Every structure is written in C-alpha cells, then in structure tokens.
Amino acid sequence: MRNLLGKSLRSRLTILYGLLLTLALALYAGGTSVYFLHNLRQQLDLSLNRDIETVEGLLSLAPDGHLEIGSEEGEAREGDLGRGYLLEVWSGNGVLLYRSDELNGAAMGQPVHLNGNRWREAPHTVRLPNGMRVRVASRLHRIEGQPLVLRLGVSEEPLWQQFWEMVGVMSIGLPITVLLIGLTGYMVAGRALRPVDLMARHAAKISAERLDDRLTISNPDDELGHLGRAFNMTLGRLQESFDQLRRFTADASHELRTPLTAIRSVGEVALQKAGGVPYYRDIIGSMLEEVNRLTRLVESLLTISRADAGQIELHQTTVNALELVQEAATLLESLAEEKQQTVVVEGNPNLDVWADRLILRQAVINLLDNAVKYSPVGGSIHVDVSVDNHTVQIAFQDSGPGIPVEHRDKVFQRFYRVDEARTRAEGGTGLGLSIVKWAVSVNGGSIEFDSEPGQGCTFTMRLPLNKIQNATEKL
Ligand code: ADP
C-alpha cells in the first residue's frame with residue numbers, strides 16, 4: 001500500500017487527500033444529480049396535473065353517448081390538448097374510449113378497472129415501444145354522472161436531456177477540481193514539510209564530534225518546532241553523557257597512572273641501589289600499598305561502570321539498619337585503632353529497611369572509611385540510627401576538618417576531591433561518595449551532609465522504613 005501511494009510523505013498525503021476529495025465530490029455530485037432529477041419530475045407532475053384539468057374542461061359526451069374532446073362540431077380535436085401531450089380516456093367499465101394517435105396503440109399503464117367510485121394511480125413513468133419515456137398522470141372524471149378515467153402523458157426526454165447535461169458538466173468539472181486542489185495540496189504539503197527535510201539534512205551532519213551543534217528552528221510554536229526542540233534536547237542530553245564519559249575515561253586513566261608510576265619509580269630506584277633484605281622488604285611493602293590502591297580503584301571503577309550500564313541487579317531484603325552499621329564498623333575497627341580513634345555506633349535496634357544488603361553495606365563502609373580517613377589521630381566517630389516520619393536516618397558524625405561550603409555540591413561527583421594532596425595521601429580514589437550516592441538512591445533513599453569548618457561533618461543517610469514494619473506500626 002505504501003509503495004502504491006509513493007515513497008515521500010508529501011506524495012502520500014496528496015494522493016490520499018485527492019482520493020478522499022474525489023470520493024466526497026462524487027458523492028456530492030451524485031446526490032445533487034438525483035435531487036435535480038427528482039425536482040424536475042415534481043415540476044413535470046405539477047404541470048401535468050394542471051393540464052389534466054384543462055383536458056377535463058374539453059371533454060363532453062355527444063347525444064349518442066360518443067366522447068368528444070373540445071368539440072363543438074362533435075369531433076375530437078387533439079390539437080386542443082397542446083403539442084406533445086398524449087391522452088388516454090377509459091370508461092368506468094374498462095373500455096378504452098380514446099387514445100392519442102402518437103401512442104400508436106401503446107398503453108400508458110394497465111387497463112382501467114374501476115372498483116367503486118374511487119380511482120387512484122400515482123404519477124408514473126412508462127417507456128413506449130419507440131423507447132421514449134413518458135410521464136403519466138391520471139384522474140377520475142365524471143360526465144353526466146358517468147365515470148371516466150383520464151391519463152395524460154408528456155415526454156420525459158427534455159428532462160433527461162437536462163439531467164445528462166448536468167452530469168456531463170459535473171464529470172468534466174470534478175476531475176479538473178480534484179487536479180487543481182491536488183496540485184495546490186502537493187505544493188502546500190511541500191512547503192509545510194520543507195522544515196522537516198531541512199532538519200533531517202542538518203541532523204544527518206551531526207556526529208559524535210559535533211554534538212554541540214543544534215537544529216535551527218524557524219517556528220518554535222508549531223508541531224515541527226516541538227519536534228525540533230525535543231531533538232535538540234535529546235542532543236543536549238547525549239552531549240552531556242558523552243562529555244561525562246570522556247571526563248570519566250580521562251580521569252580514570254589519570255588515576256590509574258598515578259599508582260603505576262609510583263610502582264615503576266620505586267622499582268627502578270630499588271634496582272639501581274644495592275640493599276639488604278630489610279631494604280627490599282620496605283620496597284615491596286610500598287609497592288604492595290600502591291597495588292592495594294590500584295585494586296581499590298579498579299573495584300570502584302568496575303562498580304560505577306556496571307551501575308552506569310544497569311548491569312547491577314538488586315536483591316532487596318529486610319535489612320536491620322543498626323546491625324548493618326555495626327558490621328561495617330567491625331570491618332574498619334583495625335583502621336580506627338591504628339589512629340587511636342573511638343567509634344561509637346548506637347541507636348534504635350528495631351529499625352529495618354528494604355534494601356540490597358551488599359550495596360547498602362558498601363555505602364556505609366565508604367562513609368565510615370571517610371570518617372576514619374579524615375578524622376585526626378585520637379579523633380572520634382559517632383554513628384546514630386534513628387527513625388523520623390517512616391524514614392530511617394543513619395547519621396555519621398566525624399571529628400575531621402569538615403567540608404567547606406563551596407565544595408558542597410561537588411563532593412558527590414566522580415573523582416572530585418576537596419584537598420587533592422591530602423586525599424591522595426590518605427589513599428582516597430575520589431569515587432567513594434559517588435558510589436554512596438548511587439547505592440542509597442537505588443535503594444530508594446537520599447544522602448546529604450552538614451559541616452562546620454573545623455568541626456567535622458555529619459553525613460545523613462535517609463532510607464524508607466521497611467514496608468512490613470510500617471504496616472505493623474500502624475496496627
Ligand atoms: P575519596 O576516596 O577521595 O575519599 P570520596 O568520594 O569518598 O573520595 O570523597 C570526595 C572528597 O570529599 C574527598 O576527597 C574529601 O576531600 C571529601 N570528604 C569526603 N568525606 C569527608 C569527611 N568525612 N571529612 C572531610 N572531607 C571529606
């Protein structure tokens with residue numbers, strides 16, 4: 001069907017429009033012609049009825065009972081009927097009293113059989129043997145008490161001639177009208193669709209290297225303008241993701257290079273120097289430290305890229321918030337002990353959340369790890385688990401340097417560090433908080449922090465209270 005209608009939208013629209021128009025005009029022309037014919041016939045019937053009255057006035061009976069038409073001399077004179085009129089007169093008992101010569105003996109209807117005093121015959125059309133169509137009107141007439149039936153006919157041929165003339169005019173006019181309107185429609189469709197063509201050509205030129213290019217929109221308020229705007233917005237989002245991906249790849253390569261360079265230079269120096277076992281132990285120790293850093297980095301990168309690709313499947317279960325935090329704190333106990341820090345975990349032991357345990361545990365570990373990393377030796381870390389309006393809140397408060405206000409919006413971005421030198425020295429990858437943000441949001445929660453410079457900071461994780469627990473609380 002599509003091939004039949006042509007390839008371009010423009011020709012498809014024009015052809016469909018043309019077909020519909022032809023159909024509508026043909027119906028209209030047909031309807032008008034039939035109405036016209038009906039009207040002409042009605043007029044003919046009216047004049048026949050008038051004329052039949054005239055004929056009635058012309059009829060009389062001769063003293064011998066013979067029928068006379070318009071006669072003073074006792075002879076029928078058909079000329080009185082007027083030209084083109086055909087007449088039949090029947091007696092009440094079905095005897096044909098008169099028939100016009102032009103009828104050549106042909107009847108203008110069934111023989112008459114009067115049944116009582118009423119006679120009714122609707123105006124009708126008969127076709128004579130010579131092919132002529134005749135319109136016939138009938139009437140019951142009485143002369144001196146004797147019933148007679150008059151049938152007066154007149155040729156319908158002039159009427160049909162008018163009808164066919166009208167049909168002829170319409171048959172010529174219809175294709176011309178359709179052609180003219182079709183051509184106009186084709187041009188109008190071309191004009192209307194030109195912006196689409198321009199947009200398509202422009203869009204075809206936009207490549208990954210030219211994602212900052214945008215479509216020119218001549219009329220932003222019409223449908224094509226909306227389409228163009230939507231396309232430009234998609235391009236904007238695409239450009240943002242491309243930029244993010246480029247930044248991520250560049251940052252990741254840079255992060256990977258740092259520990260690799262450190263391992264290589266430590267190794268090169270060790271090779272040049274001759275040293276004893278303690279020396280080599282020391283070298284291997286610092287190399288392993290860099291390898292650990294690399295491993296952490298690669299693991300974080302893997303988590304982020306799998307999360308971005310939507311490859312991480314959530315296995316949500318009921319997780320007790322306080323238990324989860326205690327478990328993570330146990331894992332980091334040795335790190336905190338190294339820095340003689342006190343870690344206190346307390347709060348409501350009965351609060352459950354509906355979450356993927358492993359993912360949420362990673363988020364808690366990252367926050368605790370940061371608290372230990374950035375709090376000074378001898379510092380203290382306090383974690384509190386509470387509930388507020390069906391939301392479980394886990395607050396991680398540390399005694400570190402805090403985070404200055406100007407970095408507030410950026411700390412959750414990938415590879416963002418407040419203090420480059422210090423963070424690297426602490427072995428940070430710059431990915432911890434972005435993983436926290438992702439882990440909390442996939443579990444339906446949020447994360448934010450409060451910080452006073454020099455007073456440490458408090459990261460607060462908010463997660464919806466487990467639905468089952470929510471329901472039991474309501475009971
Ligand atoms: P990193 O692995 O480098 O710690 P994060 O994404 O976890 O990366 O943190 C981003 C940055 O935010 C860190 O480099 C650090 O400067 C700052 N930061 C995070 N947590 C804390 C904290 N508890 N105290 C002070 N600064 C922090």
Side-chain angles (χ1 to χ4, degrees), residues 241 244-264 266-267 284-317 319 324-339 343 355-375 381 383 394 396 398 410-443 445 447 459 461:
S241 329
Q244 210 178 338
L245 197 71
R246 280 197 194 112
R247 263 199 317 272
F248 182 68
T249 319
D251 287 348
S253 325
H254 178 75
E255 292 299 326
L256 286 167
R257 209 174 53 187
T258 316
L260 283 173
T261 316
I263 293 171
R264 199 180 58 199
V266 170
I284 292 170
S286 55
M287 278 177 151
L288 278 179
E289 214 170 278
E290 291 302 329
V291 169
N292 282 342
R293 207 176 124 118
L294 256 181
T295 313
R296 274 203 307 278
L297 181 62
V298 170
E299 271 166 6
S300 300
L301 283 175
L302 213 63
T303 310
I304 285 182
S305 52
R306 284 174 59 210
D308 279 353
Q311 282 173 352
I312 297 183
E313 243 180 71
L314 286 190
H315 300 287
Q316 290 182 304
T317 51
V319 179
L324 186 79
V325 179
Q326 279 166 341
E327 186 185 317
T330 316
L331 280 174
L332 296 171
E333 214 170 314
S334 54
L335 276 182
E337 268 171 16
E338 264 178 40
K339 291 178 87 174
V343 180
D356 183 305
R357 192 166 216 290
L358 284 180
I359 293 178
L360 195 60
R361 195 177 81 142
Q362 188 59 53
V364 173
I365 291 176
N366 285 6
L367 288 175
L368 272 177
D369 184 49
N370 279 353
V372 172
K373 245 181 351 199
Y374 300 112
S375 292
I381 293 138
V383 187
I394 312 176
F396 302 79
D398 62 43
K410 297 185 186 150
V411 285
F412 290 102
Q413 287 174 10
R414 294 166 185 184
F415 299 112
Y416 189 81
R417 293 169 169 118
V418 175
D419 180 346
E420 281 283 332
R422 200 179 143 184
T423 313
R424 280 187 197 283
E426 298 290 352
T429 58
L431 293 173
L433 286 182
S434 55
I435 292 178
V436 172
K437 191 165 175 145
W438 162 77
V440 174
S441 72
V442 291
N443 283 303
I447 175 87
F459 279 87
M461 194 186 268

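Keep in mind it's a predicted model, so treat the numbers as computed, not measured.
In this structure, Ile381 CD1 and Phe396 CZ are separated by 11.0 Å, a value rounded to the nearest 0.5 Å. Atoms CD and OG, from Gln413 and Ser434 in turn, are 9.5 Å apart once rounded to the nearest 0.5 Å. Here CG of Leu367 is found 10.5 Å from CG of Leu332. Values are rounded to the nearest 0.5 Å. Note that the CG atom of Asn292 and the CG atom of Leu297 stand 12.5 Å from one another [nearest 0.5 Å]. In this structure, the separation between CG on Leu335 and NZ on Lys373 is 10.0 Å, given to the nearest 0.5 Å. The distance from the CD atom of Glu290 to the OG1 atom of Thr261 is 9.0 Å, given to the nearest 0.5 Å.
Contacts of Arg247 classified as salt bridge (Lys or Arg N to Asp or Glu O under 4.0 Å), with partners at least two apart in sequence or in another chain: none. By the side chain to side chain donor-acceptor pair (under 3.5 Å) test, Asp398 pairs with no residue at all, sequence neighbours left out. In terms of the side chain to side chain donor-acceptor pair (under 3.5 Å) criterion, Arg296 has no residue partners (sequence neighbours excluded). With sequence neighbours excluded, the residues satisfying side chain to side chain contact (heavy atoms under 4.5 Å, CB included) with Val266 are Ile283, Ser286, Met287. Legend: residues meeting side chain to side chain donor-acceptor pair (under 3.5 Å) with Asp369, ordered by chain and number and at least two apart, are absent. In this structure, the side chain to side chain contact (heavy atoms under 4.5 Å, CB included) partners of Ala307, at least two apart in sequence or on a different chain, are Ile312, Trp438. By the salt bridge (Lys or Arg N to Asp or Glu O under 4.0 Å) test, Arg246 is found to be paired with Asp243, residues two or more places apart in sequence or in another chain being considered. Legend: residues meeting side chain to side chain contact (heavy atoms under 4.5 Å, CB included) with Val291, ordered by chain and number and at least two apart, are Ile263, Thr295. Legend: residues meeting side chain to side chain contact (heavy atoms under 4.5 Å, CB included) with Glu289, ordered by chain and number and at least two apart, are absent.
Relative orientation of the Phe248 and Phe415 rings is tilted, given thresholds of 30° and 60° on the angle between their planes.
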Problem set entry | Stepwise side-chain contact (heavy atoms from CB on, under 4.5 Å) test for Val298 and Leu256 | CA-CA 8 Å; Val298 170; Leu256 286 167; 3.9 Å; yes
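Side-chain atoms of Gln316 and Asn443, non-hydrogen and from C-beta on, do get closer than 4.5 Å to each other. Side-chain contact check for Ile394 versus Leu324: every heavy-atom pair is 4.5 Å or farther apart.
Using modelled atom types, one side-chain atom of Ser305 and one backbone atom of Leu302 make a donor-acceptor pair closer than 3.5 Å. Side chain of Lys437 to backbone of Ile447: no donor-acceptor contact under 3.5 angstrom is found. Judged purely by atom type and a 3.5 angstrom limit, Lys410 has no side-chain atom pairing as donor or acceptor with the backbone of Val418.
Looking at every heavy atom in both residues, Val436 comes nearest to Ala363 through CG2-O, 3.7 Å. Taking each heavy atom of Phe412 and Leu433 in turn, the nearest pair found is CD2-O, 3.6 Å. When all heavy atoms of Val319 and Ala355 are compared, the closest pair comes out as CG2-O, 3.6 Å.
Sorted by first and then second residue, the pairs that involve residues 297-309 and meet salt bridge (charged side-chain N to carboxylate O under 4.0 Å, His left out), not counting sequence neighbours, are Asp308-Arg414. Sequence neighbours left out, the pairs with a member in residues 355-366 that pass side chain to side chain donor-acceptor pair (under 3.5 Å) are Glu327-Arg357, Glu327-Arg361, Gln362-Asn366.
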